[in-house]
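Accompanying notes for the structure given below.
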Amino acid sequence: MKTGDDYFDSKEFRELLAAYEESVSSGQPILMDADELTDIADYYHYIADDERADEAINQALALSPGATSPLVYKIHEALADEDIEEAQNLIEQMLDKSDPEYTYMQAEVLIAQNKIDEADELLRQEFLNTPTDEHNDYVMDVANLYLDYGVNDKSYEWMMRSAGNNSEDFKELMGHIMFGLGKFKDSERIFNELLDRNPYSTRYWNALANAQFMSEDYDNSVSSSEYAMAIDPSDSESILTKANGLYRLSNYEEALKYYQRYNELSPNYDFVRLQIGICLLNLNQQDEAIQELELAKQLTYDGSSYQVQIYQELAFAYSSKGMLKEALANIDETKELECDHNDMEVLRGHILLENRQWAQAEECFKQAVRNSEGAQNVLLRIIVSLYDNKFVSPAYTLFKKYFQIYGPDTKDGYAYMALCCWDLKKTEEFLHYLQLAVESNPNEAHMVLHHMFPEDLEPQDYYRYMNDKLSI
């Protein structure tokens with residue numbers, strides 16, 4: 001199978017892999033060195049075949065105890081398991097203490113413990129001992145190391161120590177660093193330059209699509225993903241990026257198809273099951289949505305970024321079917337999790353309100369306000385909940401007070417207030433709050449009001465369009 005990795009897809013590696021697998025299947029001695037066996041273990045790990053990866057790396061260590069490359073592999077495993085002591089023990093088993101990998105591994109253990117200054121001092125000392133003609137390679141290795149741990153400012157700092165070069169590897173690394181620093185347009189520019197050189201790289205198309213996605217340029221992100229898929233129709237990353245772009249464009253029907261396609265290639269990912277469920281909810285297929293979200297709940301785990309959202313979406317789904325007990329049970333599941341518990345209390349109030357439990361809903365809202373000491377985001381969510389549950393006049397009245405409190409300092413809420421005014425036929429106020437919405441928070445304006453405007457109209461043009469329309 002193609003991996004998208006240049007080395008793993010090369011003829012050289014394919015022949016090495018075939019020779020290894022023939023030796024294993026026939027029971028013949030494996031006539032390979034530790035580096036070759038580590039490459040094979042890396043390949044198996046890359047395709048998520050951890051059992052065969054472990055067999056290959058254990059074979060490497062059995063043939064060459066103390067060899068650097070298989071120990072580096074094991075050190076990374078230990079760090080992935082957050083076993084710092086085991087990682088340090090493995091480092092000391094390296095026979096060649098002069099190998100730069102020995103220093104890299106020491107530094108990586110320090111970075112994993114967030115001891116950045118200590119790690120950097122170690123790496124700088126090693127840099128001083130590095131021959132001048134190897135400086136660029138050393139700099140890129142260190143920059144990659146920091147990038148792996150999301151220490152993007154250090155990664156960039158080290159790249160600035162380089163004399164620079166025009167190689168694809170150097171430019172690709174800089175593109176990823178720019179992405180990590182949140183400079184998405186710079187990242188996009190770099191990957192466009194790389195695609196001018198190599199237009200058939202799925203890796204570059206995916207990196208470009210991700211940069212465009214983060215710049216909220218969803219149309220072009222989808223297009224870039226399609227180029228990657230044209231090169232490799234089974235490339236799961238491009239399929240997922242296209243699904244995410246379509247989702248952000250509110251094209252739930254098409255997004256659903258690509259999430260399902262990704263799920264066929266890479267099942268058991270809680271995020272994808274969650275997104276399938278949300279798409280189904282938006283398509284008013286509640287029963288199917290609940291089924292998918294329950295699967296997502298089975299797949300998720302403590303510490304997952306998506307665990308709380310899965311419970312939230314299940315609560316919404318059950319509530320939409322009038323299954324109040326099940327909805328509240330899912331909110332209860334978040335009590336012991338790391339999340340905004342005031343947010344959860346507002347959600348509980350929203351669901352009680354949706355099910356006409358007015359007194360209980362009011363108590364939940366009051367509790368959230370007390371616990372948050374009147375936090376602006378909590379007040380905004382409560383007012384939005386009132387609007388969503390058709391209490392338009394009370395929402396309008398509370399928005400008036402909300403804007404009196406926060407005045408010109410807030411960028412949030414104007415789009416929702418515009419909706420209230422529209423529903424209450426307060427045309428002049430509607431235009432006033434619409435203008436404030438598009439000026440202060442165009443993202444919120446698009447999310448809340450896009451259904452009132454032509455699909456291709458940008459939020460900054462909403463006021464002009466509606467003002468012209470209402471003046472006719």
Side-chain angles (χ1 to χ4, degrees), residues 206 209-210 212-226 228-229 233 235-300 304-323 327 330 347 350-351 354 384-385 387-389 415-416 419 442-459 462:
N206 283 329
N210 286 325
Q212 290 165 331
F213 183 89
M214 294 304 295
S215 294
E216 300 181 1
D217 184 2
Y218 303 124
D219 284 311
N220 279 321
S221 177
V222 168
S223 295
S224 296
S225 299
E226 288 170 344
M229 290 165 61
D235 180 63
S236 58
E237 182 180 351
S238 57
I239 292 168
L240 183 57
T241 305
K242 181 174 181 179
N244 289 335
L246 290 165
Y247 175 82
R248 289 300 181 94
L249 291 167
S250 302
N251 189 343
Y252 302 115
E253 191 168 352
E254 284 300 303
L256 177 61
K257 292 176 185 176
Y258 285 93
Y259 283 127
Q260 289 171 331
R261 185 169 161 187
Y262 180 91
N263 190 62
E264 290 171 4
L265 293 169
S266 304
N268 303 326
Y269 184 15
D270 59 349
F271 168 75
V272 171
R273 288 288 186 182
L274 166 65
Q275 292 302 105
I276 290 172
I278 294 173
C279 287
L280 289 166
L281 279 176
N282 280 287
L283 295 169
N284 294 315
Q285 298 178 41
Q286 278 84 359
D287 289 335
E288 294 88 345
I290 287 171
Q291 185 177 353
E292 290 293 333
L293 290 167
E294 287 289 356
L295 285 170
K297 186 161 76 170
Q298 291 172 25
L299 291 170
T300 199
S304 168
S305 304
Y306 312 109
Q307 189 177 23
V308 172
Q309 191 181 356
I310 290 167
Y311 289 123
Q312 286 179 310
E313 296 300 334
L314 270 168
F316 282 126
Y318 280 120
S319 181
S320 70
K321 289 180 64 65
M323 301 170 69
N330 275 283
L347 176 58
H350 174 86
I351 284 171
E354 188 174 45
V384 171
S385 175
Y387 176 83
D388 287 344
N389 282 291
Y416 292 102
L419 267 186
N443 288 335
E444 183 188 82
H446 178 263
M447 179 182 71
V448 176
L449 302 169
H450 69 91
H451 64 283
M452 301 175 69
F453 299 92
E455 277 187 27
D456 57 350
L457 195 68
E458 294 295 326
Y462 284 0

Completion exercise
OG (S250) and OH (Y218) are apart, to the nearest 0.5 Å, by 10.0 Å
Problem - Point-to-point distance, once rounded to the nearest 0.5 Å, from CD1 of I276 to CG of L280 - result: 7.5 Å
Handout entry: Approximate separation, where rounding is to 0.5 Å, of M229 CE and S236 OG
Key = 11.0 Å
Exercise for the section: Tell me, with the steps shown, if H446 and Y462 meet side-chain contact (heavy atoms from CB on, under 4.5 Å). Expected result: CA-CA 9 Å; H446 178 263; Y462 284 0; 3.3 Å; yes
Problem - Shortest non-hydrogen separation from D217 to N220 and the atoms involved - result: OD2-ND2, 2.9 Å
Practice task
Could you walk me through whether E237 and N210 pass the side-chain hydrogen bond (donor to acceptor under 3.5 Å, both in side chains) test, one step at a time?
Solution key: CA-CA 10 Å; E237 182 180 351; N210 286 325; 3.2 Å; yes
Problem - Qualifying salt bridge (charged side-chain N to carboxylate O under 4.0 Å, His left out) pairs with a residue from residues 263-281, counting only residues at least two apart or across chains - result: R273-E292
Exercise for the section: With rounding to the nearest 0.5 Å, note down the distance linking OG1 in T241 to OH in Y262. Expected result: 9.5 Å
Problem - L274 CG to T300 OG1 distance, which is reported to the nearest 0.5 Å - result: 8.5 Å
Would you tabulate the side-chain donor-acceptor contacts of residues 314-321 under 3.5 Å, counting partners in other chains and residues two or more places apart, or write 'none'?
residue: Y318; atom: OH; partner: E294; partner atom: OE2; Å: 2.6
residue: S319; atom: OG; partner: E354; partner atom: OE1; Å: 2.3
residue: S319; atom: OG; partner: N355; partner atom: ND2; Å: 3.0
residue: S320; atom: OG; partner: A317; partner atom: O; Å: 2.6
residue: K321; atom: NZ; partner: D287; partner atom: OD1; Å: 2.8

Handout entry: Q291 atom CD, neighbour heavy-atom count above 12 within 6.0 Å
Key = no
Practice task
Taking N263 for its side chain and Y259 for its backbone only, find out whether a donor-acceptor pair lies under 3.5 Å.
Solution key: no
Completion exercise
Residues A445 and A415: closest non-hydrogen pair is CA-CB, 3.9 Å
Practice task
Spell out, as yes or no, whether a donor-acceptor pair under 3.5 Å connects the side chain of S225 to the backbone of S221.
Solution key: yes
Handout entry: Parallel, tilted or perpendicular: ring planes of Y247 versus Y252, cut at 30 and 60 degrees
Key = perpendicular
Exercise for the section: Supply the atom-to-atom distance Q312 CD to L293 CG, rounded to the nearest 0.5 angstrom. Expected result: 11.5 Å
Handout entry: Student check: side-chain heavy atoms of N330 and K297 closer than 4.5 Å
Key = yes
Practice task
Using side-chain hydrogen bond (donor to acceptor under 3.5 Å, both in side chains) as the criterion, list what pairs up with E254, not counting sequence neighbours.
Solution key: K257
Practice task
Kindly determine whether R248 and F213 satisfy side-chain contact (heavy atoms from CB on, under 4.5 Å), including the steps that lead there.
Solution key: CA-CA 9 Å; R248 289 300 181 94; F213 183 89; 3.7 Å; yes
